[in-house]
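Heads up: the structure comes next, in structure tokens.
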Amino acid sequence: MPSDVEQIRTIRTLTLAQLADMHTDPSAGYQFGSEDVTWAELVSRLEQTVDWCDEKLNGYEPFEVRSEGMT
């Protein structure tokens with residue numbers, strides 16, 4: 001079973017591919033679940049998904065905090 005990080009990376013990759021396809025061949029309207037949405041609305045939702053993935057992936061990566069103490 002893939003790890004959480006692998007699943008989020010897969011979601012991000014698939015979403016970016018869908019965005020690329022939409023920019024290559026835009027359509028007037030799309031279905032998002034059972035909802036009719038415009039091209040711009042769907043692009044916005046997909047961009048939000050990519051942002052969410054980036055936020056989650058940043059939380060999994062190690063980070064370093066530099067500080068300086070004085071006595």
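We number each residue from 1, following the sequence as shown.
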task: State, to 0.1 Å, how close Val37 and Leu42 come at their nearest heavy-atom pair, and which atoms those are.
output: CG2-CB, 4.0 Å

field: Polar side-chain atom of Thr24 near backbone of Ala20 as donor-acceptor pair, under 3.5 Å
entry: yes

message: Per the salt bridge (Lys or Arg N to Asp or Glu O under 4.0 Å) rule, what does the pair list look like for residues 29-46, sequence neighbours excluded?
response: Glu35-Arg45

- line: Contacts satisfying salt bridge (Lys or Arg N to Asp or Glu O under 4.0 Å) that involve residues 13-22 (not counting sequence neighbours) are none

- prompt: Taking only residues at least two apart or on different chains, which pairs with a member in residues 2-15 satisfy salt bridge (Lys or Arg N to Asp or Glu O under 4.0 Å)?
  reply: Arg12-Asp54

task: Give, for atom OG1 of Thr15 and atom CD1 of Ile8, the distance between the pair rounded to the nearest 0.5 Å.
output: 11.5 Å

query: Does one hydrophobic cluster hold both Leu14 and Val5, with members joined at side-chain heavy-atom distances below 4.5 Å?
result: no

- request: Write down the atom of Trp39, the atom of Met22, and the distance for their closest heavy-atom approach.
  value: NE1-O, 3.2 Å

query: Quick one: do Leu19 and Ile11 end up in the same hydrophobic cluster if we chain Ile, Leu, Val, Met, Phe, Trp and Tyr together by side-chain heavy atoms under 4.5 Å apart?
result: no

